[in-house]
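Written below as structure tokens is the structure these notes are about.
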Amino acid sequence: MSPTPPRPVEAVLFDLDGTLVQTRIASWTVFSTINDRFGLGVDGPEQYFDLFRGNVYDSIAKLCRDEAHAAEVKSAFLTLLREEYDPPLVPGVADVVRRLAGHCTLAVMSSNAMQVMRRVLTGNDLAYCFAHVFGGDVTPDKRTAMRTFLADAANSYGRRCSADYDEGGRLQTPDLTSTVLVTDTAGDVRDAVEVGIRAVGVAWGMHSPDELHAAGAEFVALWPQEITAHLLGDAAALPPGGACAVPAGGTAPACATPPRTGSAQEPSDDAGAPVRDAVAGDGDCGCGCGGDPLRVPLRSAARVRRDRRRTAAAGLTPAAGAAPATGSPPGPGSPAASPPGPPGPAAGRELLDAVRRVVRG
């Protein structure tokens, strides 16, 4: 009798370093400074990578004199990561994340600092593909992060292509059999097995495919695209859909919300809520979501109301210093050179009609 196939994947928890980003050089460069400063005795990158066979901070603590020394080393390491660590994405992984975001609730968990995770995800336009982020400075270890995610009653809501959570889409129902950790280290795989969720390894990180399989990984991807093929099956061959999908003509989601900088404000609807316009002419936002029936009409209606207000304002408020539309410019002593008088009855009626149109809009 063949084994029962696993439930469709509802949630994917990504490790950061070595899984989403290239870390072998960048991470060792930061740690080597800490190693030299505190005399930890780690001789090179490979010995450093061995620290990730378990929880990296537990492994570092074993190199320290006592608990106070270990706490000092951890604090200094996290501080230096926040200041200097900015690794590049693994090639192809951004498309994997965006494809999965349309099907699953996504999260990132890392021993790295939250500030680093924010820098990496916002800098690569992936921040709003993830519903949850667990950093090493707020969660003691990844087992705790996994259990926290599974215990959250709101983990059914994914994040799509904006800062809001997807309240109107299909609810995911993550449990032990439908939640998968994707990681590059044997220690993470063992943590996932201990918690009871599934684990998928990646071959481009710190530990080899044989080590990942031996730790309990159900599959090890040799290329990023194998992650979607393994987790989604035949659905991986379908055109990108749902949230955060890459449009056919570009490399970034058409409706993705960029990180907010400066003081510029977004346009808002009549209730004052931020509105992001749909960009495709047929009402589709262009991100591959096919014109989500919940979001697109709201965006379109808000845009229509805003355009009406702008049109009414443009028709009733002349530009500063504008001359009347006549065949020749006004000269000294002409009526146009005199200050305008109070609006007449016709202008008053026009203003009232415009206000009524906006209110009805």
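Being a predicted model, the structure only gives us computed values, none of them experimental.
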| Heavy-atom check, side chain of Tyr85 versus side chain of Asp17, under 4.5 Å |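 Yes, at least one pair of side-chain atoms sits under 4.5 Å.
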| query | Do Leu13 and Lys142 come within less than 4.5 Å of each other through their side chains, counting heavy atoms only? | reply |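 Side chain of Leu13 against side chain of Lys142, heavy atoms only: no contact under 4.5 Å found.
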| request: Kindly give the heavy-atom pair with the smallest separation between Phe52 and Thr185, and that separation in Å. | output: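 It is O-CB, 3.7 Å.
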| task | Kindly indicate, with the supporting measurements, whether the criterion side-chain hydrogen bond (donor to acceptor under 3.5 Å, both in side chains) is fulfilled by Glu72 and Ser75. | result | CA-CA 5 Å; Glu72 185 181 4; Ser75 176; over 6 Å; no
| message | Pair Tyr48, Asn35 - check side-chain hydrogen bond (donor to acceptor under 3.5 Å, both in side chains), show working. | response | CA-CA 10 Å; Tyr48 169 61; Asn35 180 58; over 6 Å; no
| request: Please work out which of the three classes, parallel, tilted or perpendicular, describes the rings of Phe31 and Trp28, given edges at 30° and 60°. | output: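 Correct class here is tilted.
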| said: Using a 3.5 Å distance criterion without hydrogens, assess whether the side chain of Arg119 forms a donor-acceptor pair with backbone atoms of Arg82. | reply: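 Flag set: sc Arg119 to bb Arg82 pair under 3.5 Å.
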| field | Phe49 ring center near His207 ring center (under 6.0 Å) | value |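 No - the distance between ring centres of Phe49 and His207 does not fall below the 6.0 Å cut-off.
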| said: Is it the case that over 12 heavy atoms from other parts of the model lie below 6.0 angstrom from the CG atom of Asp36? | reply: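 Yes, enclosed.
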| request: Give a yes or no on this: more than 12 heavy atoms of other residues, nucleotides or ligands lie within 6.0 Å of atom CZ of Arg118. | output: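 Open: at most 12 neighbouring heavy atoms sit under 6.0 Å from CZ of Arg118.
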| field | side-chain contact (heavy atoms from CB on, under 4.5 Å) partner of Val9, the single match among His103, His230, Arg198 | value |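 Single pass found, and it is Arg198.
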| message | Under the criterion salt bridge (Lys or Arg N to Asp or Glu O under 4.0 Å), I'd like the reasoning laid out for Arg98 against Asp95: C-alpha separation, chi angles, the key distance, then a yes or no. | response | CA-CA 5 Å; Arg98 292 187 179 110; Asp95 181 61; over 6 Å; no
